Structure formats: structure tokens, C-alpha cells
Student: 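If you scroll down you'll find the structure; I have some questions about it.
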Protein chains: 2
Amino acid sequence: MGEKLTTLHALAEPNRFHIVELLRVGPLTVGEIADSLKLRQPQVSKHLRVLSDSGLVEVQPIANRRIYKLQSQPFLELEEWLDTFRNIWEDRFDRLDDYLKDMK
Amino acid sequence: MGEKLTTLHALAEPNRFHIVELLRVGPLTVGEIADSLKLRQPQVSKHLRVLSDSGLVEVQPIANRRIYKLQSQPFLELEEWLDTFRNIWEDRFDRLDDYLKDMK
DNA sequence: CTTCGAAACAAGTGTTGACTTATTAAAACC
DNA sequence: GGTTTTAATAAGTCAACACTTGTTTCGAAG
């Protein structure tokens with residue numbers, strides 16, 4: 001799976017998306033996230049696993065707890081990809097007409 | 001569901017992602033996409049439905065055929081959202097230290 | 001060394017959704 | 001009007017995955 005697809009897949013799940021929004025304020029532990037989202041701890045761990053595998057999140061174990069924080073790379077790469085579409089919107093001197101001509 | 005989530009969900013499926021990559025070259029009919037991806041026509045129609053519902057794609061019916069083309073808005077909105085993270089990477093004068101202090 | 005707290009791991013359940021084949025709808029052509 | 005083509009819709013199957021409860025691991029503290 002391409003890394004862009006992995007990133008998209010990780011972000012597309014509502015609760016994981018919510019976790020990312022929570023983490024943008026600052027690092028959080030598993031328990032804190034579980035409380036916020038009203039999810040059970042194991043499920044939160046699963047979601048964090050997916051986010052971690054996709055590189056969107058990083059763990060830092062402190063004693064008992066594991067502190068999760070956002071990681072910039074996947075976000076930046078996804079934004080780069082979206083940026084490659086800009087050219088398309090701009091120099092679209094309507095290609096649809098050309099297409100229709102070819103069809104005859 | 002938020003529109004960002006809808007967009008992410010639509011893009012996160014590998015074949016739909018592939019369809020978007022095909023359409024960036026130019027508009028295509030259902031049949032052309034099905035041939036390219038080696039998928040059956042009904043499945044391609046389903047995928048296009050999802051893309052259309054999310055606003056990523058627009059239809060233009062010409063006689064028998066339906067021509068699909070990309071639509072810029074959802075891409076731009078998603079990029080805007082990603083852009084709001086830039087601040088975070090920059091002014092992160094490591095908040096992790098603060099967090100650890102609070103925990104004691 | 002026993003207990004307590006936090007979080008990962010295991011196994012099972014239910015739902016979502018990607019695919020299949022078959023059918024229908026609608027436009028073009030004979 | 002019947003046939004052909006293109007694509008949407010319907011119904012059913014199967015796999016992926018979000019969630020549950022229960023158990024295990026591991027560090028800290030008594």
C-alpha cells in the first residue's frame with residue numbers, strides 16, 4: 001500500500017480523526033484519550049497502533065504511561081500530494097470539449 | 001459526518017484513489033475506467049457514486065455515456081485543513097517537557 | 001515480593017463495505 | 001418497434017475492521 005493510502009486510511013476513521021484533533025493541542029496518554037472519546041482503553045490502543053504504523057503519531061513511554069504525539073511527515077507528504085493538483089484546476093482550458101470532439 | 005471525513009473516506013479506498021489518479025489526466029467514462037482498473041462496471045459505478053457524493057467528482061451525461069471529471073473544492077478544503085497543522089510543527093517548543101512537569 | 005495502575009495483547013461478535021451476477025433504464029441505430 | 005450499447009440498480013457473498021470482555025505485561029510503590 002502506498003504511504004499516501006496508508007495515511008488516508010488511518011485518518012478516514014472518525015475516532016482516529018478525532019484523536020488527531022485532540023493531539024494537535026498537545027501530547028496525551030492512552031487513558032486521557034479514552035476518557036475524551038468515551039472509548040474503551042483497548043480500542044484506543046488499537047487506533048493508536050494504526051496511527052503509529054502510518055507514522056502519524058509517535059510514542060514516548062514514561063514510566064507506566066505512554067505519551068502519544070503527532071508527527072509531521074505524513075501530514076506534509078499528504079499536503080504535497082494535494083498540491084500537485086493545483087496545476088490541474090488552473091490550466092484546465094476545458095479539456096472536456098476536446099474529449100467530446102474525439103468521441104465523434 | 002464532517003465533509004473532511006467524507007473526503008478522506010472516499011480517497012482512502014485504493015481503487016477510488018486510483019480512479020482519482022486516472023481522472024487527473026482528463027475526464028473519463030465509466031467504461032474506460034472499468035477497463036483501466038480491470039474492475040466490473042457496476043463496481044466502478046459504485047465507486048464513482050461515493051466519489052460523487054463526496055463532491056470529488058462531477059458527472060456530465062452525454063447521450064449514452066456519463067463522463068466523470070474531478071472537482072476542485074474537496075481537494076482544496078482538505079489541503080486547507082492540512083495547512084492548519086503547519087503552526088503546530090513550527091511553534092512546538094517542546095510541549096512534552098511541560099506535560100511531564102504537570103504529571104508530577 | 002506483593003499489589004496497584006496503565007496499557008498492550010487475545011479471542012470473539014457485529015457492522016461496514018467491496019465485490020459478484022443479474023436485471024433494469026435509457027439513448028442511439030438499424 | 002426491435003436490437004445494441006452504456007451505465008445505474010438490486011440482491012447476495014465475503015473479507016476487513018471497529019468494538020467488546022478478558023487476560024497479560026510491566027513499571028512503581030507500599
Side-chain angles (χ1 to χ4, degrees), chain A residues 1-2 5-23 27-54 56-69 96 99-104, chain B residues 1-2 5-23 27-54 56-69 96 99-104:
Chain A
M1 215 198 240
L5 268 171
T6 312
T7 305
L8 288 168
H9 174 256
L11 289 173
E13 205 284 323
N15 284 320
R16 283 195 295 265
F17 185 87
H18 201 162
I19 290 175
V20 167
E21 287 292 352
L22 287 178
L23 287 178
L28 291 174
T29 65
V30 177
E32 290 169 329
I33 295 170
D35 288 349
S36 266
L37 302 207
K38 282 164 188 161
L39 287 178
R40 319 257 172 193
Q41 171 267 315
Q43 188 54 25
V44 173
S45 286
K46 288 264 195 76
H47 282 317
L48 287 167
R49 188 83 202 294
V50 175
L51 290 170
S52 180
D53 286 349
S54 75
L56 282 161
V57 136
E58 202 198 16
V59 206
Q60 174 158 359
I62 300 290
N64 238 358
R65 340 206 162 207
R66 310 229 176 168
I67 300 170
Y68 286 85
K69 61 185 281 198
L96 191 55
Y99 189 91
L100 295 180
K101 247 179 276 169
D102 292 350
M103 262 176 45
K104 298 206 259 272
Chain B
M1 215 198 242
L5 267 171
T6 313
T7 305
L8 287 168
H9 174 257
L11 288 173
E13 205 283 324
N15 283 321
R16 283 196 293 265
F17 185 86
H18 201 164
I19 290 176
V20 167
E21 287 292 352
L22 287 177
L23 288 178
L28 291 173
T29 66
V30 177
E32 290 169 329
I33 295 171
D35 288 349
S36 265
L37 300 207
K38 284 164 188 160
L39 286 178
R40 319 257 173 193
Q41 171 266 315
Q43 188 54 28
V44 172
S45 286
K46 286 267 197 74
H47 282 316
L48 286 168
R49 187 84 203 293
V50 175
L51 289 169
S52 180
D53 286 348
S54 75
L56 283 160
V57 137
E58 203 199 14
V59 207
Q60 174 156 359
I62 301 290
N64 237 359
R65 340 204 161 203
R66 309 232 175 164
I67 300 171
Y68 285 86
K69 60 184 285 197
L96 191 53
Y99 189 91
L100 295 180
K101 245 178 277 169
D102 291 351
M103 265 176 45
K104 294 207 265 272

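Chain naming here is simple, since letters A, B, ... match the order of the sequence lines and numbering starts at 1 in each. Predicted model only: the values in this text are computed from it and were never measured.
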Student: For residues B:P27 and B:I67, report the shortest heavy-atom separation together with the two atoms involved.
Tutor: CB-CG2, 3.5 Å

Student: Nearest to the side chain of B:E13 - C:dA18, C:dA7, C:dC9?
Tutor: C:dA18

Student: Using whole Å, report how far CG of B:L11 lies from P of C:dG17.
Tutor: 15 Å

Student: Could you tell me how far apart A:R66 (CZ) and C:dG5 (P) are, to the nearest whole angstrom?
Tutor: 19 Å

Student: Decide yes or no on side chain to side chain donor-acceptor pair (under 3.5 Å) for B:E32 and B:S36, but give the supporting numbers first.
Tutor: CA-CA 6 Å; B:E32 290 169 329; B:S36 265; over 6 Å; no

Student: Between A:T6 and A:S54, which heavy-atom pair has the shortest distance, and what is it?
Tutor: CG2-CB, 3.8 Å

Student: At their closest point, which heavy atom of A:A10 faces which heavy atom of A:V50, and how far apart are they?
Tutor: CB-CG1, 4.0 Å

Student: Under 4.0 Å between a side-chain N/O of A:R40 and OP1 or OP2 of D:dT20, yes or no?
Tutor: yes

Student: Categorize A:P61 for me: base, sugar-phosphate, or nothing, with a 4.0 angstrom heavy-atom threshold over every strand shown.
Tutor: nothing

Student: If you only use heavy atoms from C-beta on, which nucleotide in C:dT21, D:dT9, C:dC19 is closest to the side chain of B:R49?
Tutor: D:dT9

Student: Any side-chain heavy atom of B:K46 sitting closer than 4.5 Å to one from B:R16?
Tutor: no

Student: Could you state the atom-to-atom distance from CD of B:Q43 to C1' of C:dA22 in whole Å?
Tutor: 15 Å

Student: Under 4.5 Å between any side-chain heavy atoms of A:L39 and A:N15, yes or no?
Tutor: yes

Student: Rounded to whole Å, how long is the line connecting atom NE2 of B:H47 with atom C1' of C:dA18?
Tutor: 6 Å

Student: At less than 4.0 Å, is any side-chain N or O atom of B:Y68 found next to OP1 or OP2 of D:dT6? Yes or no.
Tutor: no

Student: I want to verify a distance call: between D:dC17, C:dA7, D:dA7, whose nearest atom is closest to the A:T29 side chain?
Tutor: C:dA7

Student: Taking protein heavy atoms under 4.0 Å as touching, what does nucleotides 23-30 of chain C look like 5' to 3' if B marks base contact, S marks sugar-phosphate-only contact and - marks none?
Tutor: ---BBS--

Student: Using whole Å, report how far CG of B:L37 lies from P of D:dA7.
Tutor: 14 Å

Student: Between D:dA8, C:dA18, D:dC17, which nucleotide gets closest to the side-chain atoms of A:H9?
Tutor: D:dC17

Student: Taking only the side-chain heavy atoms of A:P42 (C-beta and beyond), determine which of D:dC19, C:dC9, C:dC19 contains the nearest atom.
Tutor: C:dC9

Student: Counting only side-chain heavy atoms from C-beta out, which of C:dT20, D:dA8, C:dA6 sits nearest to A:R65?
Tutor: C:dA6

Student: Rounded to whole angstroms, how far apart are CD1 on B:I67 and C1' on D:dT6?
Tutor: 12 Å

Student: Return the CG to CD distance between A:L37 and A:E21, rounded to the nearest 0.5 Å.
Tutor: 11.5 Å

Student: When the distance from CG of A:L48 to C1' of C:dC9 is rounded to whole Å, what number comes out?
Tutor: 15 Å

Student: In whole angstrom, what separates B:R16's CZ from C:dC19's C1'?
Tutor: 12 Å

